[in-house]
Amino acid sequence: MIRGIKGVKDILPDEAPRWQVIEGAARRLSSLYGYREIRVPVFEVTDLFARSIGASTDIVEKEMYTFQDRDGSSLTLRPEATAGVVRAYIEHNLGASPTPQKFFYLGPMFRHERPQAGRLRQFHQYGVESFGSTSPQADVEVVSLLWRFLSELGLPGLTLEINSLGDAADRLAYKAVLLDFLKQHEERLCQNCRRRMGTNPLRVLDCKVPSCRTATEGAPKLTDHLAPASLRHFEEVLAGLNALAVPYLLNPRLVRGLDYYTLTTFEVTSQHLGAQNAVGAGGRYDGLVEALGGPKTPAIGFAVGLERVALMLPESALPGRAKMIYVAAFGQQGVPLGTRILHELRARGLQANTDYRSATLKAHLRQADRLGASFVLIAGDDEAQKGLLILRDMTSKEQQEIPISTAAQTLATRLASA
RNA sequence: GUGGGUGUAGCUCAACGGUUAGAGCGCUGGACUGUGGCUCCAGAGGUUGCGGGUUCGAAACCCGUCACUCACCCCA
């Protein structure tokens, strides 16, 4: 038997409705906030990801699905979508537009990691990107859209944490201060963090090892080392969130994994997930467009892990089943009659179904029950003979004879009133 | 990449190293000759993940391997 690839899952029909609800909310809210859909390719030139996400990040170093094209060039399945959206933004000169460029996307991403609860190799994200504005109001819009999306789906136990990483200069200055501090406490840090001191000292603050946490307790805070402009931006973002009553927690240790973030960063977690408790996250990336060869353009966005959303989606968020008519056709003349009436119902736009394997009325009714039919149209030889059909209401068990010619019309009105 | 847990019927799980590997649910049929759900009866369904080993005897113990899963790491 050929099996699916490790960490790559089928979404079966039983589960598809959950996804439709989630994607529907994403589309509806995005357009409500003025974000238009953009569809970028699932694979790009490898260099794009290396340059945007950061060459020394885990994603780029060991998690990308990279392969050689026939001409020898290196291609990669996207581990996230921001890089591709930015590439498209630059390539099509979308910044030249007089209107703000705000996009959303939905689709699969690929990272070669060991799968676990809420982490797959092919997973799906919903995300938005807002280009062109340095205004804190843009930050507030993006964060509040993320918050609204998650809370409107009724996800339990959510926490929004927020921080500011400062601009590039702030971070450079702070890194030096932080490194000084870390060196003084190096012997109390875990092996991993000692290594991180060389590669990305900010992430030492994010370490979950308890001893590291206590060691960095008194570490200088990034938010205390922001330039006045950065600080003001951050304060205005927080004020904006307050005004919209979006509940947040300040977390000076919050450091996102991708290199391109600047200023505002945020993350929403849930207690109802496993160890992978981040549902959605994002931040500002004012330097990325320029770094990828475009015009200097501020931008901010977020990404949501849809598998993680699906894991938490409450049953109450799912819609009830639509009314369906089951056609029970059996016997020499019943079967062709049933085929005809089935076609007629569907032509009228009514949901209609049958089971071609069932040869007896009993078997048909059992299937109708399982499929959740509201009504059954019985078409046996007797009915064909008399030129009528029996309409059975599956909840009340009431039956009535109706002429074949008006059957579809009758059902249409019965369903409309029900 | 590292560590733990688990692999037995379609699903959820039993079976002290000892007869022919069982149960519940589900499935098919019947009781009910053309009327679903409930009940009762019968039936179908298995390479015990795979390969080796220990043993008179292995689903069970050992080794290997694969898969799934949780966690580390990291991230959405």
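Numbers restart at 1 for each chain; the letters A, B, ... are given by sequence-line order, proteins then strands. Since we're looking at a predicted model, the values are computed, not measured. Side chains are part of it too, since the values below use all heavy atoms of this structure and drop only hydrogens, waters and symmetry mates.
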Distance in angstrom units between Phe49(A) CZ and A76(B) C1', rounded: 15 Å
Residues in salt bridge (charged side-chain N to carboxylate O under 4.0 Å, His left out) contact with Glu129(A), at least two apart in sequence or another chain: none
Position toward the 5' end of RNA chain B (nearest nucleotide), His124(A) or Gly7(A): Gly7(A)
Check: Phe67(A) and Leu77(A) side chains under 4.5 Å, non-hydrogen atoms: yes
Rounded distance (Å) that lies between atom C1' of C70(B) and atom CG of Leu311(A): 14 Å
C1' spacing across the pair A58(B) / A21(B), given as an integer number of angstrom: 12 Å
Main-chain N/O of Ala83(A) paired with Tyr260(A) side-chain donor or acceptor, under 3.5 Å: no
Value in whole Å for how far the C1' atom of C75(B) lies from CZ of Arg111(A): 6 Å
Separation between the C1' atoms of C75(B) and A9(B), rounded to whole Å: 39 Å
Set of side chain to side chain donor-acceptor pair (under 3.5 Å) partners for Asp139(A), sequence neighbours left out: His233(A), Thr264(A), Arg284(A)
Partners meeting side chain to side chain donor-acceptor pair (under 3.5 Å) with Gln400(A) (sequence neighbours left out): Arg414(A)
G26(B) to C38(B) separation - P atoms, rounded to the nearest Å: 7 Å
Pairwise side-chain contact, Ile162(A) with Thr265(A), heavy-atom cut-off 4.5 Å (strictly under): no
Shortest non-hydrogen contact from Phe302(A) toward Tyr105(A): O-OH, 3.9 Å
Residues which pass salt bridge (charged side-chain N to carboxylate O under 4.0 Å, His left out) with Glu141(A), listed by chain and number, not counting sequence neighbours: Lys102(A)
Aromatic centroids of Tyr33(A) and Phe104(A) separated by under 6.0 Å: no
Residues, nucleotides or ligands: over 12 heavy atoms within 6.0 Å of Arg28(A) CZ: yes
Rounded distance in Å between the C1' positions of C61(B) and G37(B): 49 Å
Set of side chain to side chain donor-acceptor pair (under 3.5 Å) partners for Ser74(A), sequence neighbours left out: Thr46(A)
Base-paired stems in RNA chain B, each at least three Watson-Crick or G-U pairs under 3.5 Å: B:1-7 with B:66-72, B:10-13 with B:22-25, B:27-31 with B:39-43, B:49-53 with B:61-65
Atom-pair distance (CG on Leu254(A); P on C75(B)), nearest Å: 11 Å
For Arg213(A), all residues meeting salt bridge (charged side-chain N to carboxylate O under 4.0 Å, His left out), sequence neighbours excluded: none
Sugar-phosphate only, base, or nothing, as touched by Leu150(A) at under 4.0 Å among non-hydrogen atoms: nothing
A76(B) to G64(B) separation - C1' atoms, rounded to the nearest Å: 37 Å
Integer-rounded Å distance: A76(B) C1' and Arg121(A) CZ: 17 Å
Between P of A76(B) and CG of Leu77(A), the distance in whole Å: 18 Å
Residue-level proximity of residues 21-35 of chain A to RNA chain B when a heavy atom falls under 4.0 Å: none
Whole-Å C1' distance, U33(B) and G10(B): 32 Å
N/O (side chain, Gln116(A)) to phosphate O (OP1/OP2, C70(B)) under 4.0 Å: no
Separation of atom CD in Glu63(A) from atom P in C75(B), rounded to whole Å: 8 Å
Interatomic distance, Arg203(A) CZ vs C73(B) P [rounded to whole Å]: 13 Å
Within 6.0 Å of CG in Leu32(A), more than 12 heavy atoms from elsewhere: yes
Sugar-phosphate, base or nothing in reach of Gly118(A), heavy atoms under 4.0 Å: base
Side-chain-base donor-acceptor pair under 3.5 Å for Arg308(A) and C75(B): yes
Other residues, nucleotides, ligands: >12 heavy atoms within 6.0 Å of Tyr65(A) OH: yes
Euclidean distance for P, C72(B) against G17(B) (whole angstrom): 34 Å
N-O pairing of Lys9(A) and Glu15(A) below 4.0 Å: no
Of residues 276-288 of chain A, the positions that come close to RNA chain B - non-hydrogen atoms, cut-off under 4.0 Å: Gln276(A), Ala278(A), Val279(A), Gly280(A), Ala281(A)
Report, one pair per line, the protein and nucleotides 1-6 of chain B atoms (nitrogen or oxygen only) whose separation is under 3.5 Å.
residue : atom : partner   : partner atom : Å
U2(B)   : O4   : Arg114(A) : NH1          : 2.9
U2(B)   : O4   : Arg114(A) : NH2          : 3.4
G3(B)   : O6   : Arg114(A) : NH2          : 3.2

Gln385(A) and Gln333(A): side chain donor to acceptor below 3.5 Å: yes
Enclosure of Glu398(A) CD (heavy-atom neighbours >12, cutoff 6.0 Å): no
Contact pattern, 5' to 3', of nucleotides 29-41 of chain B - B, S or - by protein heavy atom under 4.0 Å: S--B-BBBB----
Residues which pass side chain to side chain donor-acceptor pair (under 3.5 Å) with Arg346(A), listed by chain and number, not counting sequence neighbours: none
